[in-house]
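Note on naming: letters A, B, ... go to the chains in the order of the sequence lines (proteins, then strands), and numbering restarts at 1 for each one.
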Protein chains: 2
Amino acid sequence: MPPKRKSTTDEEDDEYRRKRDRNNQAVKRSRVKSKMKTEETQQRVNDLRLKNQLLEDKIDNQKKELKFLKELFITQAQAKADKLVGINLNELLQDDDNDDNDEDEGEPSKKRAKEQSKGEGSSKSRSRR
Amino acid sequence: MPPKRKSTTDEEDDEYRRKRDRNNQAVKRSRVKSKMKTEETQQRVNDLRLKNQLLEDKIDNQKKELKFLKELFITQAQAKADKLVGINLNELLQDDDNDDNDEDEGEPSKKRAKEQSKGEGSSKSRSRR
DNA sequence: TCAAATTGCGCAATGC
DNA sequence: AGCATTGCGCAATTTG
């Protein structure tokens, strides 16, 4: 009596094995993928933190610049009030090279005019009678 | 024939089982922990992205404010300068590009005005004959 | 040296 | 039918 269909069991086993192997491969792929995603996410956190820091720095600089400009405005308004006394704008505006990066967080009124009125009395030659 | 020491094998088995169970528990804890950490990291990415957006918005607002103030200031100073002396304030204030890195994407407002006419004719004073 | 924690791996159930 | 994902247990290794 020859076995009628041994193939049933054997092939089933074979198929099972192959299937298992393939699944094991799939599992491996899936886990590698998962791990990569995790690491990538972690990296993203680092990048975002750095970017965040840069943005905050920029905000700080802009804030300083705004402060400077506002104070400059106040100063100017003050000058307008003092106009009658003879103050001139040179004192307030001649050296604006400080407007560049930072270093302008101080009050602008400190930068005293260098009296660069080359000709003579810059005060509009009022002495001319 | 009394069993000499069945305890050896049996207890070893018992011990093995207990050990396995404890490890299984540990594995479970470890995996829960790991998963939580992953989710937390992902959440951190979301938080950072939101924060980042807020910061960028803030930078944008500040930038607009700066632009406004500078233009206002230039206008005002220009007028005043024309009136009092003739100093060309463009020279002093025109460069509002000192922002930082990627500055204004807006129109550059044609920064030039290198015509520092200090030699003589301030725009006024000619009518006086 | 030991016990808990972590990690790689395979199995099976389940999702798609 | 078949790959992908996930929970679980085993065993080796790491950690404290």
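Straight-line distance from the NZ atom of K37(A) to the C1' atom of dT5(D): 10 Å, rounded to whole Å. The NZ atom of K33(B) sits 18 Å away from the P atom of dT14(D) (whole-angstrom rounding). Atom pair R18(A):CZ and dC3(D):P shows a separation of 12 Å (rounding to whole Å applied). Regarding R22(B), its CZ atom lies at a distance of 7 Å from the C1' atom of dA3(C), rounded to whole Å.
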Scoring nucleotides 7-16 of chain C by protein non-hydrogen atoms under 4.0 Å (B base, S sugar-phosphate only, - none) yields BBBBBBB---
Exercise answer: donor-acceptor pairs, residues 34-46 of chain B side-chain atoms, under 3.5 Å, sequence neighbours excluded:
unit_1: T38(B); atom_1: OG1; unit_2: S34(B); atom_2: O; d: 3.2
unit_1: T41(B); atom_1: OG1; unit_2: K37(B); atom_2: O; d: 2.9
unit_1: Q43(B); atom_1: NE2; unit_2: D47(B); atom_2: OD1; d: 3.0

Listing, residues 14-21 of chain B side-chain donor-acceptor contacts under 3.5 Å, not counting sequence neighbours, or none:
unit_1: E15(B); atom_1: OE1; unit_2: R18(B); atom_2: NE; d: 3.4
unit_1: E15(B); atom_1: OE1; unit_2: R18(B); atom_2: NH2; d: 3.1
unit_1: E15(B); atom_1: OE2; unit_2: R22(B); atom_2: NH2; d: 3.3
unit_1: R17(B); atom_1: NH1; unit_2: D21(B); atom_2: OD1; d: 2.3
unit_1: R20(B); atom_1: NH1; unit_2: N23(B); atom_2: OD1; d: 3.2
unit_1: R20(B); atom_1: NH2; unit_2: N23(B); atom_2: OD1; d: 3.0
unit_1: R20(B); atom_1: NH2; unit_2: N24(B); atom_2: OD1; d: 2.6

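Between K19(B) and dA4(C) there is no side-chain N or O to OP1 or OP2 distance below 4.0 Å.
Taken to the nearest 0.5 Å, the CD atom of E65(A) stands 5.0 Å off from the CG atom of L66(B).
Applying the salt bridge (Lys or Arg N to Asp or Glu O under 4.0 Å) rule to K33(B) yields no partners; only residues at least two apart in sequence or on another chain are considered. The ring pair (Phe, Tyr, Trp, His ring centres under 6.0 Å) test applied to F68(B) returns no partner, not counting sequence neighbours.
Side-chain heavy-atom separations under 4.5 angstrom define the hydrophobic clusters, and the remaining members of the one that includes I59(A) are L55(A), L55(B), I59(B).
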